[in-house]
Amino acid sequence: MSFKIGVIGTGYVGLVSGTCFAESGNQLICVDIDEQKIAKLNSGGVPIYEPGLDVILQRNIRLNRIKFTSDITEAIRNCEIIFLCLPTPPNEDGSADLGYVLAVTETICNYIESHSITDRRIIVNRSTVPVGTADKVKAIVQAKTTNKNIHVVSNPEFLAEGFAVEESLNPSRVVVGTSNAEIGKVMQELYEPFLNGVNKFFLMDERSAEVTKYAANSFLAMRISFMNDLSNYCELNNVNIDNVKAGIGSDPRVGPYFLNAGIGYGGSCFPKDVRALLYSSEEINATLTLIRETQAINQKQIQRFISKVTSYFQNDFSNKTIAIWGLAFKPDTDDIREAPSFAVIRALLELSANLHVYDPEAMENTKLHFGDSITYFPSMYDAVRNADALIVCTEWKEFKAADVEELKKLMKNSVIFDGRNIFDLTLMKELGFHYASIGRPLVSPN
Ligand SMILES: NC(=O)c1ccc[n+]([C@@H]2O[C@H](COP(=O)([O-])OP(=O)(O)OC[C@H]3O[C@@H](n4cnc5c(N)ncnc54)[C@H](O)[C@@H]3O)[C@@H](O)[C@H]2O)c1
């Protein structure tokens, strides 16, 4: 069975979801208000970096299964299932801004009403939204239309940038929130090609689905903060946290994922979702102590790292060139939203450091923020030439495979602050580096 599907919002989530639904044989109309994005997509380009996306996108464009437009009415008119893949950025108080989701819902309902559409429409919210949002969407549907055949579903997205295509084609689970059994069946049919006969389709009520998404991200953020908290303790005890990680992660009750100590979590999801969950808990006086500490540890962790750099240089960066490897908030993406590298860059610019940066994919996005205040280099080796220190902010594979002897030759001083533990301590010692990493003993040439 194939469906006509509209996707409103063609960003990281919408573009990947839309492409993967086309891959399973559905007919897709993807909509975005960003005309430039639509023009790029229509001329065969891919506006984001996501491994594997270009290949399946091109194939489905060739097969006429996916099209891109800035005209939302085309999707409302033609599509039975309409996915909302819209931003839910944080408001200043930390709550999720539902403006995009609610405004688009109104647009859909107004169009349905004014064009007397009576066929079934299923509005599926894929954005990350606080508990009760489906009720707000339903209230708009009821207020704005007389069509009784409009249904609202909460279907949170769990993809991780960098693995988004792989995960969408073979999801670890699909969570669908609807209290309507018939609509639940339609959603199951839509996802059937991705389930591979495995029982990983979880049907629940809308509110549970909404909380599941926040709980999932906060739990993963908590694991990272746990390790980062422990990293300080390990450093002070001359213990290598990577050994500890291996020792605990091999226990199936713990598992190996999200246990890397580093400079804290960033990206467009964990920081904002943790904040939004906390905000929502405050509204009802439900204390989420562990989540609050998760956030506090994350904020402290990046500051601790920056302090290591600034205290090494005694806050004096005059005539100092600092190289930075990695700008994206994690490897295999060009996404720089809430990237820890940005906190490092801001702090060092404040102290007038001369910054030489390199990232395999995220330099264009970074230029939009920092312009000419930092210098961009075409390779990791170019960026470190004559540098007084190197700071590693993202664990791209090419950095892990760097020739450190070459690095030593190119740099003015053999000093590395590694926020991602990519280098071997023994090798750093042998080569005479000052090497400060996270949760591991300091390597010092003296
Ligand atoms: N990026 C992730 O890894 C990820 C993972 C899971 C969930 N989410 C959630 O999914 C949602 C979308 O995230 P994203 O990363 O794809 O965001 P994004 O910013 O990359 O994409 C959102 C898109 O919506 C478009 N848009 C805004 N208003 C519109 C309108 N009125 N009509 C049509 N298009 C409009 C924007 O131009 C943009 O292209 C958020 O709630 C996010 O928290 C994101």
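Model, not experiment: these values are computed from the prediction. Just follow the structure's listing: the first ligand is 1, and inside any ligand the first atom is 1.
Of the protein's non-hydrogen atoms, Thr128 OG1, 3.4 Å is the one closest to atom 9 (C) of ligand 1. Among all protein heavy atoms, the one lying closest to atom 43 (O) of ligand 1 is Lys272 NZ, 2.6 Å. The protein heavy atom nearest to atom 6 (C) of ligand 1 is Glu157 O, 3.3 Å. Shortest contact from atom 17 (O) of ligand 1 to any protein heavy atom: Arg337 NH1, 3.7 Å. If you check which protein heavy atom lies closest to atom 31 (N) of ligand 1, you get Val104 CG2, 3.5 Å. In terms of protein heavy-atom proximity, atom 5 (C) of ligand 1 is nearest to Leu159 O, 3.5 Å. For atom 13 (O) of ligand 1, the closest non-hydrogen atom on the protein side is Val13 CG2, 3.9 Å. The single protein non-hydrogen atom nearest to atom 34 (N) of ligand 1 is Ile33 N, 3.4 Å, given as residue, atom name and distance.
One side chain, Ser95 or Asp93, offers a donor N or O that lies under 3.5 Å from an acceptor on the other. Residues Asp382 and Tyr358 bring no donor and acceptor atom of their side chains to less than 3.5 Å of each other. There is a side-chain donor-acceptor pair under 3.5 Å between Lys245 and Asn260. Side-chain contact, Glu106 with Tyr111: no donor N or O sits under 3.5 Å from an acceptor N or O.
Numbered from 1 in the order shown, with element, the atoms of ligand 1 that lie under 4.0 Å from a heavy atom of Ile8 read 32 (N), 33 (C). The atoms of ligand 1 that sit less than 4.0 Å from any heavy atom of Pro87 are 22 (C), 24 (O), 27 (C). Atoms of ligand 1 lying under 4.0 Å from at least one heavy atom of Ser268, given by number and element, are 1 (N). Close approach of ligand 1 to Glu161 (heavy-atom distance below 4.0 Å) involves ligand atoms 1 (N), 2 (C), 3 (O). Against a heavy-atom cut-off of under 4.0 Å, Lys37 is close to the following atoms of ligand 1: 38 (C), 39 (O).
Only the side chain of Tyr100 comes within 4.0 Å of ligand 1, counting heavy atoms alone; its backbone N, CA, C and O stay farther away. Contact annotation for Ala103 and ligand 1: no heavy atom of the residue comes within less than 4.0 Å of the ligand.
For a threshold of 3.5 Å applied to N or O pairs, the pair formed by Asp34 and ligand 1 contains no separation below that value. At under 3.5 Å, a nitrogen or oxygen of Thr88, whether backbone or side chain, sits near a nitrogen or oxygen of ligand 1.
Using the six-membered ring where Trp is involved, Phe270 and Tyr265 have ring planes that are perpendicular, over 60° apart on the 30 and 60° scheme.
Note that Arg173 lies in the cation-pi zone of Phe158, set by a 6.0 Å cut-off to the ring centre and a 45° limit from the axis.
For Phe226, the CZ atom is loosely surrounded, since the number of other residues' heavy atoms within 6.0 Å does not exceed 12. For Lys200, the NZ atom is densely surrounded, since the number of other residues' heavy atoms within 6.0 Å is greater than 12. More than 12 non-hydrogen atoms from other residues, nucleotides or ligands lie less than 6.0 angstrom from CG of Asp251.
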* Does the ring-ring contact (aromatic ring centres under 6.0 Å, His included) test come out yes or no for Phe423 and Phe399, once each step is laid out? -> CA-CA 9 Å; Phe423 294 130; Phe399 302 161; 9.0 Å; no
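When all heavy atoms of Arg420 and Cys393 are compared, the pair lying nearest together is NE-O, 2.8 Å.
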